[in-house]
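Below is one structure; the comments refer to it alone.
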Amino acid sequence: MIALDNGFEEVVAIVADAGASAARLCAATGFVPVAQGPVDDGAMVLMGLTGAAREVLIGHPGVARGRIRLIQIDGPVADLNREGGQAWDPGGIFDINLRALPDIEALQRALVAQGFVAHAPITDWDFGPLAVREVVSSDADGLCVALMERVRPPLQGYDGVSGPASFVFNSTQVVPDFEAARHLYRDCFGWLPVQETQGMAAQDSGANCMGLPEGIAAQIPMRIGIYHPEGRMEGSVEIIEYGVRGHDFSDREPPLRGWTSLRFPVTDLEEFIERAAQGGCRIIGPVAAQWAPHPAGMAAAAITPWGARLEAFQSGVKDR
């Protein structure tokens with residue numbers, strides 16, 4: 001049985017001001033508020049936190065997945081969890097992915113107007129039958145967002161998904177050990193590969209969207225794997241290992257600001273815990289929790305060896 005049934009449902013971030021961040025992201029993407037209020041005690045436990053916090057959940061108005069939950073911790077504003085980090089530095093959750101519908105330039109301008117700064121100019125990738133455009137940007141809370149526009153062939157599976165941006169469909173983790181991360185997602189969780197490739201981190205010209213120096217980027221090796229329980233890019237997890245080393249942010253934890261966790265609805269929380277532990281994850285929980293607007297249930301967090309936090313929730317299950 002696959003423990004994680006259909007990929008992540010939402011991504012969680014800690015920010016300085018949840019209301020302000022929600023307003024900025026909604027203004028740029030067309031997302032709308034879904035729920036807001038105090039953070040559940042069980043959710044605080046999964047983040048290793050005490051005290052109080054408030055949250056705002058936003059999402060695509062036409063899709064009930066791929067949402068963003070923004071959490072503001074009471075007290076002084078914390079530092080960033082990847083302070084000074086570059087795209088090739090491993091540790092934690094690097095970014096989330098949105099599809100630009102239909103214009104990546106307009107969506108990027110909207111993000112810039114809301115305080116995001118690109119790592120590099122929009123990059124055109126032409127792989128023959130497949131052509132895409134991509135840009136990666138971050139804001140002052142360390143929230144990194146990758147925009148992707150399909151040039152050809154026409155994008156499939158997004159009928160009825162309108163507006164400037166899609167729901168969050170993928171999230172990237174830069175890892176220090178590709179084989180260890182692959183082992184967790186493929187062998188332990190039993191996910192299927194959407195894509196597994198290796199090559200150089202840029203085009204022959206050196207052009208890339210991650211901000212790597214163009215003079216050397218084409219000589220930097222890179223491995224990429226994208227995984228999902230059913231082999232789809234719909235709540236999928238992407239792992240990247242670069243052939244260069246910099247700062248390692250694997251030990252960073254809440255309440256530091258930035259992308260904090262991916263949240264997965266599951267049908268068997270005990271199996272999630274068992275499989276995550278097999279992959280070398282540190283487990284917190286299970287604890288009783290509620291992720292508004294869902295019913296209460298039981299949840300657990302699995303922290304990977306590279307510091308990515310995966311939180312699983314089984315709705316309707318009570319603590320015994």
Side-chain angles (χ1 to χ4, degrees), residues 4 7-22 24-25 31 34-59 66-83 85 89-98 138-146 168 170-175 235 237-239 248-265 276 281-285 287 289-292 294 299-313:
L4 305 187
F8 67 82
E9 185 176 74
E10 65 181 50
V11 60
V12 180
I14 294 176
V15 296
D17 186 323
S21 288
R24 288 193 294 268
L25 285 166
F31 282 19
V34 177
Q36 57 185 312
V39 177
D40 176 77
D41 290 343
M44 293 289 283
V45 170
L46 295 184
M47 291 187 289
L49 300 176
T50 58
R54 64 179 304 271
E55 64 185 11
V56 180
L57 178 67
I58 63 173
R67 293 169 168 169
I68 300 172
R69 191 176 298 265
L70 301 158
I71 293 177
Q72 176 183 339
I73 309 296
D74 285 0
V77 174
D79 293 334
L80 302 183
N81 61 10
R82 286 177 56 93
E83 180 74 49
D89 292 330
I93 296 170
F94 173 65
D95 75 8
I96 63 167
N97 297 169
L98 299 172
S138 297
D139 73 355
D141 281 310
L143 303 188
C144 187
V145 177
V168 180
N170 185 61
S171 178
T172 304
Q173 300 163 20
V174 179
V175 300
V237 170
E238 180 174 359
I239 56 173
D248 190 336
F249 295 94
S250 300
D251 62 349
R252 304 302 175 89
E253 296 188 338
L256 297 175
R257 289 180 292 142
W259 296 122
T260 302
S261 61
L262 304 177
R263 286 185 168 174
F264 302 82
C281 293
R282 174 169 60 91
I283 307 298
I284 299 176
V287 299
Q290 182 173 15
W291 296 345
H294 305 292
I303 297 88
T304 71
W306 53 95
R309 187 173 298 263
L310 315 175
E311 297 177 351
F313 177 76

Asp41 atom CG, neighbour heavy-atom count above 12 within 6.0 Å: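 Counting other residues, nucleotides and ligands, CG of Asp41 stays at 12 neighbours or fewer.
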Pair Gln290, Asp40: side-chain N/O donor-acceptor within cut-off below 3.5 Å: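 Absent: no donor and acceptor within the cut-off.
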If only atom types and distance count, is the side chain of [X] paired as donor or acceptor with the main-chain N or O of [Y] below 3.5 Å?
X	Y	value
Ser138	Gly142	no
Glu55	Ile71	no
Arg69	Ala292	yes
Thr260	Gly258	yes
Arg309	Trp259	no

Considering all heavy atoms, the nearest [X]-[Y] contact:
X	Y	value
Ala18	Gln72	N-OE1, 3.0 Å
Ala299	Trp291	CB-CZ2, 4.1 Å
Ala302	Ile283	CB-CD1, 3.8 Å
Asp141	Ala16	OD1-N, 3.1 Å
Phe249	Asn81	CD2-O, 3.6 Å
Gly59	Arg67	CA-CG, 3.8 Å

Interatomic spacing from [atom1] in [X] to [atom2] in [Y] - rounded to 0.5 Å:
X	Y	atom1	atom2	answer
Ser21	Ile68	OG	CD1	10.0 Å
Ile239	Ser171	CD1	OG	12.5 Å
Ile96	Glu10	CD1	CD	12.0 Å
Met47	Glu311	CE	CD	7.0 Å
Ile14	Leu49	CD1	CG	5.5 Å
Leu70	Arg54	CG	CZ	10.0 Å

Out of the candidates Ile93, Leu98, Asn97, only one should pair with Asp95 under the side-chain contact (heavy atoms from CB on, under 4.5 Å) rule; please name it.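 With Asp95 as partner, side-chain contact (heavy atoms from CB on, under 4.5 Å) holds for just one option, Asn97.
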Would Arg263 and Glu9 pass as an ion pair if we require N to O under 4.0 Å? no
Should the ring pair Phe264 and Phe8 be called parallel, tilted or perpendicular, given that the plane angle runs from 0 to 90° and is split at 30 and 60?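 Ring orientation, 0 to 90° scale: perpendicular.
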Run the side-chain contact (heavy atoms from CB on, under 4.5 Å) test on Ile303 and Ile284 for me, step by step, so that the C-alpha distance in whole Å, both residues' side-chain angles and the decisive distance to 0.1 Å come before the verdict. CA-CA 8 Å; Ile303 297 88; Ile284 299 176; 3.8 Å; yes
